[in-house]
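One structure is given below, encoded as structure tokens.
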Protein chains: 2
Amino acid sequence: MNSASASAHPDTARLESRRTRILDAAEKLFAEHGYDGVTLRAIAREADVDVALANYHFGRKHELFEATFMRRAELLNRWRIKALDEAFAAAAPNPPSVRAIMDAYLYPILHGPHITEPAWRSYYALVAYVNNSTEWGGKLMSRFFNPMVDRFIDALRKALPDAREEALFWGYHCLSGALTLAFAQTGRLDKLSGGLCRSEDLEEAYRHIVVFVTAGFEQLGLSTE
Amino acid sequence: MNSASASAHPDTARLESRRTRILDAAEKLFAEHGYDGVTLRAIAREADVDVALANYHFGRKHELFEATFMRRAELLNRWRIKALDEAFAAAAPNPPSVRAIMDAYLYPILHGPHITEPAWRSYYALVAYVNNSTEWGGKLMSRFFNPMVDRFIDALRKALPDAREEALFWGYHCLSGALTLAFAQTGRLDKLSGGLCRSEDLEEAYRHIVVFVTAGFEQLGLSTE
DNA sequence: CGCCGCATTCAACATTTGTTGAAGATTAGC
DNA sequence: GCTAATCTTCAACAAATGTTGAATGCGGCG
């Protein structure tokens with residue numbers, strides 16, 4: 001999909017072909033098995049290139065991982081911030097509602113200009129992995145997502161003027177956790193519900209999660225307790 | 001703590017000493033770095049025993065992991081179910097409120113008969129890791145926790161008679177995710193809030209999470225939409 | 001003591017790991 | 001067609017991995 005896209009220079013496209021194939025393979029495998037669960041040889045096999053090529057293009061293994069992580073983070077951040085700006089514009093001169101903010105945060109995940117590319121599903125699972133990786137995962141998440149998250153928390157501060165400051169951050173933790181888990185389980189049936197509720201069904205997930213977290217934030221926002 | 005406890009036979013206690021030391025070391029390291037991020041040699045070093053001893057007591061590496069995972073799962077399940085039973089008893093003849101059910105689910109994590117043992121903190125991070133490990137993590141979680149979770153969902157079904165069936169399961173996903181993330185980040189400062197909201201502060205976490213998820217469930221329970 | 005069952009150590013195994021440097025292929029400019 | 005630069009492969013490295021089988025300690029029992 002990415003190989004023949006745009007076709008700026010035909011040569012550049014072909015040159016980047018293997019590079020992006022490595023990135024795609026890394027994305028898929030890292031999302032499935034985590035950083036230590038994937039070998040460079042497995043990535044090379046998946047991408048159908050030589051082992052040494054990953055090293056040539058990206059350097060060391062952890063640098064390849066970061067490159068994989070960063071590639072889509074920037075896009076996702078842009079889409080979310082754009083959606084948030086639109087929510088502000090639509091609600092002006094008032095701040096947007098909590099529901100509108102949640103929609104801005106969640107909507108791009110499902111309805112960004114990319115829904116067709118299945119690689120994004122892998123990426124969400126990758127984010128879930130990083131988000132739950134206690135050691136350096138937190139640092140990575142902070143580095144790539146914090147500026148965007150700050151804007152959302154600021155929006156929530158305006159939508160919930162009575163909320164205590166910690167409540168906003170804890171609420172964001174809950175939001176992030178709920179979202180993370182939904183996508184971590186991407187692709188596997190939910191044994192619990194006997195197949196009634198599938199993590200693959202992003203539309204269903206979206207409808208329920210947005211209701212859940214909106215209510216959670218609004219309740220937290222009341223508590224000057 | 002476990003080594004000199006009870007002292008059934010002095011020899012048995014000493015015999016289990018190394019065995020449990022291996023289990024403790026594995027718990028700590030697996031929680032920090034995940035399954036593939038930990039070597040048997042690192043566990044042996046942490047437990048101050050020989051490499052081969054882990055193999056002697058637990059067999060293969062993944063069996064050691066499961067043993068680690070199972071050890072506390074049974075206790076946790078018992079505490080939660082006991083708390084749920086008490087909630088039913090206290091509310092009889094009505095079903096317990098959503099808040100009471102959430103308390104039963106969350107309370108044992110913080111106020112079980114174990115708060116003093118720091119190893120439990122590692123265990124929660126371990127559960128978080130397993131919960132987000134897409135491959136076999138889901139199977140492990142199902143195997144060890146599903147019976148308990150079923151009882152809680154059944155309680156919610158009674159507390160929220162208008163809720164659609166899927167809503168209960170998605171709500172549980174959100175609950176589980178919020179909880180998971182809070183403990184996955186155990187031990188590291190929250191860069192986002194500039195240290196205002198620390199994941200180590202379990203009491204704070206508890207107060208906010210319980211409010212958030214209770215509100216989420218109650219809102220989901222209304223939606224016959 | 002001698003024997004036995006258990007726990008523990010030792011040394012080693014075959015693989016696999018990330019990484020590298022040199023050699024080969026491909027492309028672009030002239 | 002020659003050159004230079006970039007991309008790709010090949011072969012190999014040392015280090016680390018999970019696992020094993022034989023050897024060693026060590027308690028209790030006859």
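All figures in this text were calculated on a predicted structure; none of them were measured in a lab. Chain naming here is simple, since letters A, B, ... match the order of the sequence lines and numbering starts at 1 in each.
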[X] side chain near [N] phosphate (N/O to OP1/OP2, under 4.0 Å):
X       : N      : result
B/Tyr56 : C/dA7  : yes
B/Arg60 : D/dT20 : yes
B/Arg18 : C/dT9  : yes
B/His57 : C/dT8  : yes

For A/Glu27, run the side-chain contact (heavy atoms from CB on, under 4.5 Å) check against A/Thr68, A/Ile43, A/Ile22 and tell me which one passes.
A/Thr68
Can you check the [X] [atom1] to [N] [atom2] distance for me, whole Å?
X       : N      : atom1 : atom2 : answer
B/Leu40 : C/dC10 : CG    : P     : 17 Å
A/Asp36 : D/dG18 : CG    : C1'   : 15 Å
B/Ile43 : D/dG18 : CD1   : C1'   : 11 Å
B/Asn55 : D/dT17 : CG    : C1'   : 13 Å
A/Asp50 : C/dG21 : CG    : P     : 16 Å
B/His33 : D/dT17 : NE2   : P     : 13 Å
B/Phe58 : D/dG18 : CZ    : C1'   : 16 Å

Report yes if the distance between the aromatic ring centroids of A/Phe144 and A/Phe69 is under 6.0 Å, otherwise no.
yes
Side chain of [X] - closest among [options]:
X       : options               : result
B/Lys61 : C/dT8, D/dT19, D/dT9  : D/dT19
B/Thr39 : D/dT17, C/dT20, C/dT9 : D/dT17
B/Leu53 : C/dT8, D/dT19, D/dT9  : C/dT8

Contact class for A/Arg41 vs. all strands (heavy atom < 4.0 Å): base, sugar-phosphate, or nothing?
base
So which heavy atom on B/Cys174 is nearest to which on A/Ile209, and how close?
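Minimum heavy-atom contact is SG-CG1, 3.9 Å.
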Can a donor-acceptor pair be found between the side chains of B/Ser176 and B/Asn131 at a distance below 3.5 Å?
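Their side chains do contain a donor-acceptor pair, which is all the 3.5 Å distance test asks for.
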What orientation do A/Trp79 and A/Trp120 show, parallel under 30°, tilted 30 to 60°, or perpendicular over 60°?
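Tilted.
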